[in-house]
Amino acid sequence: MSIDVSPSIFKAYDIRGIVGDTLGEDVVRSIGLALGAQAREAGARETVIGRDGRLSGPALSSALAEGFRDAGIDVIDIGMVPTPVVYYATFELGTGTGVAVTGSHNPPDYNGLKMVIAGDAIYGDAIQSLREVVESGSLQSVPESQRGGRRAVDPMQRYVDRITGDVKLARPMKIAIDCGNGVAGAVAPQLFRALGCEPIELFCEVDGTFPNHHPDPAHPENLQDLIRCLRETDAEIGLAFDGDGDRLGVVTKQGNIIWPDRQLMLFAQDVLSRNPGAEIIYDVKCSRHVASFVRAHGGRPTMWRTGHSLIKAKLKESGAPLAGEMSGHIFFKERWYGFDDGLYAGARLLEILARHADPSAVLDSLPDSPATPELHLKTAEGENFALVDRLQREARFDGATDVITIDGVRVEYPHGFALARASNTTPVVVIRFEADTPEALARIQDEFRRAILAVAPAASLPF
């Protein structure tokens, strides 16, 4: 029988919806059955299932497990863990297949699924094909005698041991960590103590209602408690994690936020010192400084499309040792597995900083320019893609030195860049600017404003 399922939950990189509205146990069980059938076709026989700290997690992960078992796939339940620990367990336990039940950084009433089948992240067209299978109701459960089993495994200590066996700090450090009551709090204090740090813990108690602040380090307002802690204590550096632990935020002793594109520069310098000439991948939202910094340190920069699954696939295809995107997903293939892991990225950051007496000075010395945060031009559902398509086809960008269209429109000017790309998760056009000076930034915004209004006169621009 077909199932009534909202198409809106099938996003570009994952599945995500409002629990009790667009996402319920029946839908998740059907998705589990479809994923299980796909895994079986790919030769998989087991899957890892983990969940974040949301209140809906236990029921949804159980429903997902039943779906996989209905498809004849054995389930290894690893309980409440950060998303990177799910990815890690697919390697450690040899399944190649795993699903994290997580709403990531979304509000408490959201939940969703991040999926890896037979070693490949599920995204884009593959997610839409999954939707069609679920909607059709064409899949049948295997006979009872062939149903998959279910067992519990706790991989957390092995995960900590794997990181501490790889990352060595030159000296002990006192740090502050803010987990925003997300699931990273279940392992971050233990991990950083094992690395030799003395962590000051902020909101490390896992609480799916997120009572203190939203667990999303991409927004400055969510980093104010960490900034205050650094100001009032002797902690050297501050690390913040998002709701499921796959993204990292960094704050210096002086309260400066080190955005992920600048983090990526420091990581690239370190990785290139051992891998001269290697390729470093970054997304279209990152600073122009990433490419020049990578080249200056002997690497080959590659700009790519935004989206953790897209970057992950590009990393796998290219063989690059490192990739990162502006949202905070950092992917280490050197010494690690190539998946995005905020906790491991935090450990690698401390490994670099522990070699210096003044970690903040190292971070503050990274190239920087005046830039805007992400600006959102709100549109009707689907209109964001149409608007960006018109920009690609019709817009004139006077004074531009290059127009890059791999993901939206990134216009390079002599003294900065402008970006407009359609969000794959919400009906907005994401806009960002960077320039060498505030005056150049204003000039680029004026030129870009004219270009957008020429093809979309009714657009209500956020700049």
Side-chain angles (χ1 to χ4, degrees), residues 1-41 44 46-83 85-87 89-90 95 97-117 121-123 126-142 147-152 183 208 243-244 246 309 425:
M1 292 178 60
S2 63
I3 181 170
D4 183 19
V5 56
S6 171
S8 67
I9 68 173
F10 295 89
K11 308 294 186 182
Y13 321 123
D14 52 32
I15 289 170
R16 190 165 62 253
I18 299 173
V19 178
D21 181 5
T22 55
L23 195 70
E25 293 174 43
D26 55 341
V27 170
V28 171
R29 182 167 183 159
S30 296
I31 293 170
L33 177 61
L35 287 171
Q38 188 175 340
R40 199 173 64 239
E41 288 175 13
E46 287 184 306
T47 187
V48 168
I49 293 178
R51 56 182 169 82
D52 69 14
R54 288 164 190 270
L55 304 184
S56 57
L60 293 183
S61 60
S62 290
L64 180 70
E66 291 307 298
F68 269 101
R69 295 180 65 203
D70 287 344
I73 299 293
D74 292 333
V75 170
I76 303 174
D77 184 350
I78 62 171
M80 188 180 73
V81 296
T83 292
V85 177
V86 174
Y87 300 151
T90 68
T95 67
T97 296
V99 181
V101 178
T102 174
S104 187
H105 59 279
N106 288 282
D109 54 343
Y110 279 75
N111 216 324
L113 309 174
K114 293 182 179 179
M115 304 156 286
V116 178
I117 301 294
I122 302 300
Y123 66 92
I127 288 183
Q128 295 309 312
S129 297
L130 181 69
R131 173 183 61 81
E132 292 169 5
V133 170
V134 172
E135 287 177 337
S136 73
S138 58
L139 290 175
Q140 300 294 317
S141 299
V142 299
R147 272 195 101 219
R150 184 173 181 177
R151 61 190 175 101
V183 73
D244 67 332
D246 60 8
S309 296
T425 54

Next on the checklist: So for atom CZ, which belongs to Phe10, do other residues, nucleotides or ligands contribute more than 12 heavy atoms lying within a distance under 6.0 Å?
Outcome noted: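 Counting other residues, nucleotides and ligands, CZ of Phe10 exceeds 12 neighbours.
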Item to check | Asp244 versus Asp246, closest heavy-atom pair with distance | outcome: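 Between these two residues, the closest heavy atoms are OD1-OD1, 3.1 Å.
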Checklist entry - Looking only at heavy atoms, which two atoms of Gly53 and Val183 are closest? And how far apart? => result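 Minimum heavy-atom separation between Gly53 and Val183: N-CB, 3.8 Å.
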Next on the checklist: If only side-chain N and O atoms count, and only distance matters, is there a donor-acceptor pair under 3.5 Å linking Asn111 with Ser56?
Outcome noted: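 Their side chains do contain a donor-acceptor pair, which is all the 3.5 Å distance test asks for.
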Next on the checklist: I need the Phe68 CZ to Gln38 CD distance, nearest 0.5 Å.
Outcome noted: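 Result: 9.0 Å between the selected atoms.
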Next on the checklist: Evaluate Val116 against Thr97 for side-chain contact (heavy atoms from CB on, under 4.5 Å), listing each step before the verdict.
Outcome noted: CA-CA 5 Å; Val116 178; Thr97 296; over 6 Å; no
Checklist entry - If we only count heavy atoms from C-beta on, is the Leu60 to Arg54 side-chain gap below 4.5 Å? => result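 Side-chain contact under 4.5 Å: no.
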Next on the checklist: Using the rule given for side-chain contact (heavy atoms from CB on, under 4.5 Å), can you reason through Leu64 versus Arg51, listing the C-alpha separation, both sets of side-chain angles and the distance that settles it, and then say yes or no?
Outcome noted: CA-CA 11 Å; Leu64 180 70; Arg51 56 182 169 82; over 6 Å; no
Checklist entry - Just by distance, do the side chain of Arg131 and the backbone of Ser6 share a donor-acceptor pair under 3.5 Å? => result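 Not confirmed, Arg131 side chain does not pair with Ser6 backbone.
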Checklist entry - According to the salt bridge (charged side-chain N to carboxylate O under 4.0 Å, His left out) rule, which pairs have a member within residues 69-82, sequence neighbours left out? => result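 Output for this query lists Arg29-Asp70, Glu66-Arg69, Asp70-Arg147, Asp77-Arg150.
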Next on the checklist: As a quick check of understanding, evaluate side-chain contact (heavy atoms from CB on, under 4.5 Å) for Ile73 and Arg40, giving each step before the final call.
Outcome noted: CA-CA 7 Å; Ile73 299 293; Arg40 199 173 64 239; 4.1 Å; yes
Checklist entry - Can you list the steps and then say if Thr425 with Arg16 is a side-chain contact (heavy atoms from CB on, under 4.5 Å)? => result CA-CA 9 Å; Thr425 54; Arg16 190 165 62 253; 3.2 Å; yes
